[in-house]
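Some notes on the structure that comes next.
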Amino acid sequence: MDRLPKLNSAQREAVLTLCGPLLVLAGAGTGKTRVITYRMAELIHRGTPPQRILSVTFTNKAAREMQERAARLLGGQRQNKPFIATFHSLCVRILRQEITVLGYPPNFAIYDRGDQESAARKVLRDIRIGEGAFRPGDLLQRISRWKMAGIGPAHAADFSECDLDSLAAVAYRRYQVSLRAAAAVDFDDLLLLTLQLFREFPQVLSRHQRRFDSVQIDEYQDTNAAQFELVEALVREHHNLCVVGDDDQSIYGWRGADVAHILNFQSYFLGTKVVRLEDNYRCTDKILDVANRLIKHNRGRHEKQLRAHKTTSDGVRFLEFPDEVAEAENVVREINELVRKRDTPQGDITILFRTNEQPRLFETELRRAQLNYVLLGGQSFFDRREIRDMLAYLKVLAHPSDEVSLLRIINTPVRGIGTTTVQKLLHRAVKEHRSLWAVIPQAISEAEISTKSAAALNAFRELLERYRRAFDRTPKKMAETLRALIAEIDYHAEIQKQYKEPQQQLLHWEMLDELVESLERYLERSASPSLSDYLEESALNGREEEADKYDQLEHDAVRLMTLHSAKGLEFHRVYMVGLEESLLPHQRSIDGNEAAIAEERRLAYVGITRAKDHLTLTRAASRKKWGKRRASLPSRFLFEMRSDCASDDKANDVQPD
DNA sequence: AAGGAGGGTTTTTTT
DNA sequence: AACCCTCCTT
C-alpha cells in the first residue's frame with residue numbers, strides 16, 4: 001500500500017528524508033504544511049515516539065491547524081502526540097520548568113504589548129530623558145531588537161551605535177530590573193531567557209536536547225537570531241532538523257527576522273539536503289504570472305520556477321478610484337453583488353490591506369450592505385480599554401507583584417486613591433525593595449496617608465483579597481466570579497461615564513460580556529483551569545481570540561486582514577486594496593533603504609499569492625490622512641508587476657520619488 | 001481628588 | 001478623528 005498517495009515526487013523526497021539537516025525551499029502554494037504533517041507521520045511510522053518530535057510553527061493558529069491535520073493523518077486519538085508549538089509557547093514550557101535558576105518565580109507573569117508600553121513609560125519617567133528624545137514605542141523597538149538578536153541588557157551598550165542607543169541601553173537595564181521586580185517577563189524575554197538558560201546552564205540544555213529526536217521548523221525565512229540559536233542548540237547533537245520556508249515570503253525583518261538564516265542554512269549545517277517545491281497548486285496561471293513578475297525585481301534571492309497547475313481566462317484586475325471612500329464603496333458593492341446575485345459564499349472573499357487604519361471604511365460599507373464580516377488582527381479585542389482594565393484586575397489577582405496592572409486599576413473606577421497617595425506608596429516600595437502591593441498595609445498603619453485615602457485603600461485591598469480567594473477556591477466558577485467582580489466595582493457606571501452615546505455604551509458593555517465568554521470557553525477546554533493559566537493563554541494567543549469568533553461564524557463572513565496576518569492562508573477571491581506609494585510600499589520603508597523596499601515587495605508578493613482564483617488590486621487617487629486630503633501615486637509595484645520585465649536590472653534602478 | 005478643557009501627537013507590520 | 005497628557009478649576 002502506498003503510504004504517501006497525495007504527494008508529488010519533490011514532496012515525497014522531502015517527506016522521506018528523515019535524518020540529518022534538510023532544507024525545503026517551498027514556494028507559495030506548494031503544499032509545505034502537507035509535507036510537514038506527512039513527515040511527522042512517516043517518522044512515527046518508522047518508530048520515532050511521537051512526543052520526541054518537535055514541530056515549530058509561526059502562529060498559534062498554524063499550530064492548532066497542524067495538530068488537527070496530524071491527528072487526522074495519524075488516525076484520531078493517539079495518546080502521545082507530536083509536540084507542535086510556536087517558539088513562544090515552547091519557551092514558556094521550558095521556562096516554567098527551569099526559570100528559578102535565573103531568579104524568577106516559576107509562575108512569572110507575561111507582559112503583553114500594552115503592559116510593556118506602560119513599563120517602558122515608567123522607565124522613561126524615572127530616567128528623565130529629555131523631553132521628546134524617546135517615546136515608549138521607540139524605546140521598546142530598540143530593546144526588542146537587542147533581545148531578538150540575543151543580546152542581554154548587560155551587553156547592549158557594546159552594540160550601541162549612537163547616543164540614543166546608549167541611552168536606550170541604560171533604559172534597557174532599568175526596564176529589565178523593573179520587569180524582574182514585578183516577576184514579569186515580556187514577549188521577547190521568553191526567547192531571550194530561554195537562550196540564557198541554554199547558554200549558562202549546560203545541564204538544563206542537555207535535558208532539553210534529549211527530549212527531541214527530530215525537529216521541524218515552518219516559515220523558516222522569518223527566524224530571528226535568538227530563534228536560530230535556540231534551534232541550533234536543541235539539535236546540536238543530532239542535526240535532525242528540517243526547515244521549510246520561502247525567502248520570497250520573508251516579511252518580518254522589522255522584528256529581527258533575517259533571511260540570511262534560510263539563505264545560509266546549507267553552509268551552517270554541513271551535508272544539508274535541499275528539496276525545492278515548485279509546483280503551485282493554489283493560484284491560477286494569471287495570478288502567478290503577476291506574482292512572479294513582481295518578485296523578480298528583488299535581488300539576492302533563491303531563484304525559483306513556480307509552475308502553475310491551474311489555468312484560467314479570468315485575468316487579474318487593476319482598479320482605480322478617486323478616493324478611499326469610493327474604493328471602499330465599490331469593492332463592497334461588488335462583493336454585495338457577488339454574494340446576493342451570484343451566490344458566492346461570503347467566506348470565499350477576503351480584503352487585504354497594509355495598515356490597520358485602512359479597514360474602517362470597508363467595515364462601514366460592509367455593515368451598510370448587511371454583510372457578515374470578520375476583522376482579524378487590527379485593534380485587537382484585548383487592546384480595548386475595558387478589556388485591558390478587567391484583565392488588569394485578573395492579573396493583579398493572579399500576580400500581586402504585577403505593578404503595571406496594579407497601577408492601572410488602583411483608581412479605576414475612581415475610588416478616591418489619588419496620585420499623591422500612589423506616589424507615597426511607590427516611594428515606599430522603592431525604599432523598602434518590595435512590591436507596591438506588599439507595601440500597602442504598612443503605609444496605612446504608619447498613618448502616612450490621609451484617613452480618607454487610607455479607608456479607600458483598605459477597601460480596595462479587602463476587595464482584591466476577597467476575589468483572590470474566590471478565584472483560588474472555585475476555579476470552575478471563574479466566569480461567574482468575574483461577572484460578580486464587574487458588578488461589584490460597577491464598571492457599568494465607568495462605561496457610562498466614558499462614552500456619551502448610548503449605542504457606544506452598549507457596544508463596550510458587550511465587550512465585557514465577550515471577555516466573560518472567552519473565560520467560559522477557556523473553562524470548557526481546560527482540564528485544570530487557573531487564573532494564571534488563562535492569562536498566559538490569552539497573552540500568547542493574543543489576537544487569535546478573533547479567529548475563534550471567525551470559527552463561530554462558520555466561515556460565512558467576509559474576512560478583512562493585514563497582509564502580515566494573511567501569511568500562510570489562502571482565499572478564493574482576494575481584494576488587495578490601497579496599492580499606493582506611501583502605503584505599499586509604506587512611507588517608513590520609502591524613507592529607509594533598499595532592503596526595506598524589498599521587504600514591502602515581498603509583502604505584496606505574499607498578498608498576491610494568497611489568491612486561489614480571483615485577484616483584484618485597487619488604489620485610490622487621493623487619500624485622507626490626519627484629516628488632510630492628499631493625492632497619492634500608484635504603487636511602484638503596480639508598474640513592476642505589469643511590466644514585461646524585459647530588463648530586470650533597469651527595473652531595479654527605478655526610484656520614483 | 002476629580003473632572004474638564006485644551007493642546008499635542010499619532011498610524012506600519014505582530015509572536 | 002482618536003487618544004493621551006497636562007494644567008486648571010472646583
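Throughout, a chain's letter reflects where its sequence line sits, starting with A, and its residues are numbered from 1.
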Practice item. Would you classify A:F87 as touching base, sugar-phosphate or nothing, given that sugar-phosphate means primed atoms plus P, OP1 and OP2, and contacts are heavy atoms under 4.0 Å? Key: nothing
**Asked** Checking all strands, does A:S589 fall into the base, sugar-phosphate, or nothing category for heavy-atom contacts under 4.0 angstrom?
**Response** nothing
Is the closest basic N to carboxylate O distance between [X] and [Y] below 4.0 Å?
| X | Y | value |
| --- | --- | --- |
| A:K624 | A:E324 | no |
| A:R623 | A:E580 | yes |
| A:E537 | A:R525 | yes |

Length of the line joining [X]:[atom1] and [N]:[atom2], which is rounded to integer Å:
| X | N | atom1 | atom2 | value |
| --- | --- | --- | --- | --- |
| A:L376 | B:dT14 | CG | C1' | 14 Å |
| A:I597 | B:dT13 | CD1 | P | 17 Å |
| A:M148 | B:dT13 | CE | P | 19 Å |
| A:E357 | B:dT14 | CD | P | 14 Å |
| A:R388 | C:dC4 | CZ | P | 11 Å |
| A:Q221 | B:dT14 | CD | P | 16 Å |
| A:Q141 | B:dT11 | CD | C1' | 13 Å |
| A:E324 | C:dA1 | CD | C1' | 13 Å |

So, with a heavy-atom separation below 4.0 Å from DNA chain B, the residues of residues 409-417 of chain A are A:N411, A:V414, A:R415, A:G416
Residues of residues 247-258 of chain A with a heavy atom under 4.0 Å from any atom of DNA chain B, listed by number, are A:Y252, A:W254, A:R255
Please tabulate the protein-to-nucleotide N/O contacts below 3.5 Å involving nucleotides 5-7 of chain C, giving atom names and distances.
{"from": "C:dC5", "atom 1": "OP1", "to": "A:R121", "atom 2": "NE", "distance (Å)": "3.4"}

Across all chains, not counting sequence neighbours, the side-chain hydrogen bond (donor to acceptor under 3.5 Å, both in side chains) partners of A:R96 are A:E536
With sequence neighbours left out, the residues meeting side-chain hydrogen bond (donor to acceptor under 3.5 Å, both in side chains) with A:D112 are A:R388, A:K395
Short side-chain N/O contact from [X] to OP1 or OP2 of [N], under 4.0 Å:
| X | N | answer |
| --- | --- | --- |
| A:S89 | B:dT15 | no |
| A:R385 | C:dA2 | no |
| A:T59 | B:dT14 | no |
| A:S565 | B:dT13 | no |
| A:N356 | B:dT14 | yes |

Exercise for the section: Report yes if some heavy atom in the side chain of A:F198 is under 4.5 Å from a heavy atom in the side chain of A:I94; otherwise report no. Expected result: yes
- Message: Checking A:E462 against A:N458: is there a side-chain donor and acceptor pair closer than 3.5 Å?
- Response: no
Would you call the rings of A:H564 and A:W254 parallel, tilted or perpendicular, taking 30° and 60° as the class edges?
perpendicular
Next on the checklist: Please verify the inter-ring angle class for A:F228 with A:H261; under 30° counts as parallel, over 60° as perpendicular, anything in between as tilted.
Outcome noted: parallel
### Query
Sub-3.5 Å donor-acceptor pair from the side chain of A:Q216 to the main-chain atoms of A:V243, do we have one?
no
**Q.** Within 45° cone and under 6.0 Å: A:R602 NZ/CZ vs A:Y605 ring
**A.** no
By nearest-heavy-atom nucleotide on DNA chain B, the more 5' of A:T419 and A:K625 is A:T419
Contacts of A:E403 meeting salt bridge (Lys or Arg N to Asp or Glu O under 4.0 Å) (sequence neighbours excluded), chain-then-number -> A:K122
